[in-house]
**Q** 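A single structure is presented below for examination.
On a predicted model such as this, the values are computed, not experimentally measured, just so you know.
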Amino acid sequence: MKHFLLGIVFVSVLGSFSLRAEDPAVLLANALQNMQKKSYVANYRDPQGVSQTIYQRVNSDGTIDSRREFLHPDGDKTIYINTAGKYYYISPHSPVIQQKWLEDRQDFSDENEELIYSLRGDATMDGRPCYEIKKTIVSTDSAFEKYAKLPQGKHFSMAELRDFFPVVTLYYIDKDGMFLRGKRTYNQEGKLLVETRYGDIVFRDDLSESLFAIPKNTDIYVAADPGEQFDILYGDHFRAQKASSSKGSSWSQIITWGVIGIAGVIALLLLCIYLRSRKRAKIS
């Protein structure tokens, strides 16, 4: 019995060691592949208060249908991805936008050879035990050049683009199911840019095909070029983000100059008091 218990402990320790010794990039790739093999429904709410429901259906031929419903204070949006392509349905009063051009990418790691993957240890996501994997872009200059050439570049200055450029991504891999629970993306200064969570995930094999079909009797619009496509899909969001950033920057400048002004007045008063005291000392 003693040897049996020691054997169990040895196997457990060995298994844990082998998992931690595995290449984090391979561990992440396996988790992402597992997500592509399952039909599921997931719900989550991001820090900005946007609710999202994700539906994924794996067909018998291995193809994947996907539907993402965004409930946003500024307007709801649904994205359909099926065998016919990718479509954006922004509201019942607008046409369905078919994505003809390559989508702007938020993650440039596949195009960048200088990456660092590290297994940071244990973490939790929505109360579930996870492995936390950190991916860092090392050659940020070359990756940023590609990022700046994307359609969103026309909406921002280079300094603003730097602020939005993703450099570090933290992935959370569910320990039990070995699939992606969520991820957080940060810029070079450590500012959180995007957070995605697959919360309340339920694996289901009974999702109907009709769930992933675009609405009937709707017009389908195809943008003339990548810039127009980006502007239709993301322009309002980026302009609002830029306005919010500028407003915050303006207040910061006002506060800074206000503090400098007050400090200047105090310094002038102290100088006057000092000169006055010296004058009195000479008279006496």
**Q** Share the residues that join Phe212 in a hydrophobic cluster, the rule being Ile, Leu, Val, Met, Phe, Trp or Tyr side chains under 4.5 Å apart at the heavy-atom level.
**A**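 Val41, Tyr55, Leu207, Leu211, all in the cluster of Phe212.
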**Q** Other than Ile64, what residues sit in its cluster of Ile, Leu, Val, Met, Phe, Trp and Tyr side chains whose heavy atoms are under 4.5 Å apart, directly or through others?
**A**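 Members alongside Ile64: Val58.
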**Q** Could you pull out the closest heavy-atom pair between Tyr80 and Ala213, with the gap in Å?
**A**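 Result for this residue pair: CE2-O, 3.5 Å.
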**Q** Could you give me the CA-CA distance, side-chain angles and deciding distance for Arg57 and Asp205, then say whether side-chain contact (heavy atoms from CB on, under 4.5 Å) is met?
**A** CA-CA 7 Å; Arg57 179 176 185 265; Asp205 294 324; over 6 Å; no
**Q** With rounding to the nearest 0.5 Å, note down the distance linking CG in Leu193 to OG1 in Thr169.
**A**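 These two atoms lie 9.0 Å from each other.
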**Q** Using the salt bridge (Lys or Arg N to Asp or Glu O under 4.0 Å) criterion, which residues pair with Arg204? Sequence neighbours excluded.
**A**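 By the salt bridge (Lys or Arg N to Asp or Glu O under 4.0 Å) rule, Arg204 matches Asp206.
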**Q** Would a 4.5 Å heavy-atom cut-off, applied to side chains only, mark Asp163 and Asn187 as touching?
**A**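 The answer is yes; the side chains approach within 4.5 Å.
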**Q** What is the distance from atom CD1 of Ile54 to atom CG of Asn43, rounded to the nearest 0.5 Å?
**A**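 Ile54 atom CD1 to Asn43 atom CG measures 8.5 Å (nearest 0.5 Å).
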**Q** Could you tell me whether the side chain of Met125 reaches within less than 4.5 Å of the side chain of Asp174, counting heavy atoms only?
**A**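 Counting from C-beta outward, Asp174 and Met125 never come under 4.5 Å.
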**Q** Who pairs with Thr63 by side chain to side chain contact (heavy atoms under 4.5 Å, CB included), at least two apart in sequence or on another chain?
**A**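 If we apply the side chain to side chain contact (heavy atoms under 4.5 Å, CB included) test to Thr63, skipping adjacent residues, the hits are Asn59, Asp61, Thr83.
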**Q** Might you point out which heavy atoms bring Arg184 and Tyr172 nearest each other, and give the distance in Å?
**A**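 In terms of heavy atoms, the two residues are closest at NH1-OH, 2.8 Å.
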**Q** For Asp126, enumerate each residue passing the side-chain hydrogen bond (donor to acceptor under 3.5 Å, both in side chains) test, keeping only those at least two apart in sequence or located in another chain.
**A**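 Partners of Asp126 under the side-chain hydrogen bond (donor to acceptor under 3.5 Å, both in side chains) test: Arg197.
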**Q** Quick one, Leu27 with Met178, criterion side-chain contact (heavy atoms from CB on, under 4.5 Å). Give me CA distance, side-chain angles, the key distance, then yes/no.
**A** CA-CA 9 Å; Leu27 185 63; Met178 294 307 296; 3.2 Å; yes
**Q** To the nearest 0.5 Å, tell me how far Thr78 OG1 sits from Phe70 CZ.
**A**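 Nearest 0.5 Å value for the OG1-CZ distance: 8.5 Å.
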**Q** Suppose we screen for side chain to side chain contact (heavy atoms under 4.5 Å, CB included). Which residues come up paired with Leu28, at least two apart in sequence or across chains?
**A**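 Counting only residues at least two positions away or on another chain, Leu28 forms a side chain to side chain contact (heavy atoms under 4.5 Å, CB included) with Leu32, Tyr117, Ile133, Tyr171, Ile173.
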**Q** Could you tell me which non-hydrogen atom of Val167 sits nearest to which non-hydrogen atom of Gln188, and how far apart they are?
**A**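 Result for this residue pair: CG2-N, 3.8 Å.
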**Q** Under the salt bridge (Lys or Arg N to Asp or Glu O under 4.0 Å) test, which residues partner Asp176, sequence neighbours left out?
**A**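 Counting only residues at least two positions away or on another chain, Asp176 forms a salt bridge (Lys or Arg N to Asp or Glu O under 4.0 Å) with Arg128.
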**Q** Could you tell me which residues satisfy side-chain hydrogen bond (donor to acceptor under 3.5 Å, both in side chains) with Asn34, sequence neighbours excluded, listed by chain and number?
**A**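 None.
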**Q** What's the spacing between Thr53 OG1 and Arg68 CZ if we round to 0.5 Å?
**A**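 These two atoms lie 11.0 Å from each other.
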**Q** How would you list all residue pairs meeting ring pair (Phe, Tyr, Trp, His ring centres under 6.0 Å) that involve residues 176-210, not counting sequence neighbours?
**A**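 Ring pair (Phe, Tyr, Trp, His ring centres under 6.0 Å) check on residues 176-210 returns Phe179-Phe203.
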**Q** Could you give the distance from CZ (Phe165) to CD (Glu189), rounded to the nearest 0.5 Å?
**A**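 It is 13.0 Å, given to the nearest 0.5 Å.
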**Q** Sequence neighbours left out, what passes side-chain hydrogen bond (donor to acceptor under 3.5 Å, both in side chains) with Glu69? Give chain and number order.
**A**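 Scan of Glu69 (side-chain hydrogen bond (donor to acceptor under 3.5 Å, both in side chains), adjacent residues dropped) gives Arg67.
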**Q** State the CD1-CD1 distance between Ile214 and Ile97, to the nearest 0.5 angstrom.
**A**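 Answer rounded to 0.5 Å: 11.0 Å.
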**Q** List the atom of Tyr131, the atom of Lys175, and the distance in Å for their closest heavy-atom pair.
**A**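 For Tyr131 and Lys175, the tightest heavy-atom pair comes out as CE1-CG, 3.4 Å.
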**Q** Keeping the roles fixed (side chain from Gln56, backbone from Met35), state whether a donor-acceptor pair exists under 3.5 Å.
**A**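 Confirmed, Gln56 side chain pairs with Met35 backbone.
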**Q** Would you name the heavy atoms of Pro166 and Thr185 that are closest together and state the gap between them?
**A**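 Smallest heavy-atom distance, with atoms named: CB-CG2, 3.2 Å.
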**Q** Could you check if a side-chain atom of Ile116 sits within less than 4.5 angstrom of a side-chain atom of Lys135, using non-hydrogen atoms only?
**A**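 No, too far: nothing below the 4.5 Å cut-off.
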**Q** Taking Ser118 for the side chain and Arg120 for the main chain, is one N or O donor matched with an acceptor at less than 3.5 Å?
**A**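 Not confirmed, Ser118 side chain does not pair with Arg120 backbone.
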**Q** Which is it for Thr136 and Leu115 under the side-chain contact (heavy atoms from CB on, under 4.5 Å) test, yes or no, and what are the steps along the way?
**A** CA-CA 6 Å; Thr136 306; Leu115 298 168; over 6 Å; no
**Q** Between Asp122 and Glu132, is there a side-chain heavy-atom distance shorter than 4.5 Å?
**A**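 Glu132 vs Asp122: side chains apart.
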**Q** Check side-chain hydrogen bond (donor to acceptor under 3.5 Å, both in side chains) between Ser66 and all other residues, then give those that pass, not counting sequence neighbours.
**A**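 For Ser66 there are no side-chain hydrogen bond (donor to acceptor under 3.5 Å, both in side chains) partners, ignoring immediate neighbours.
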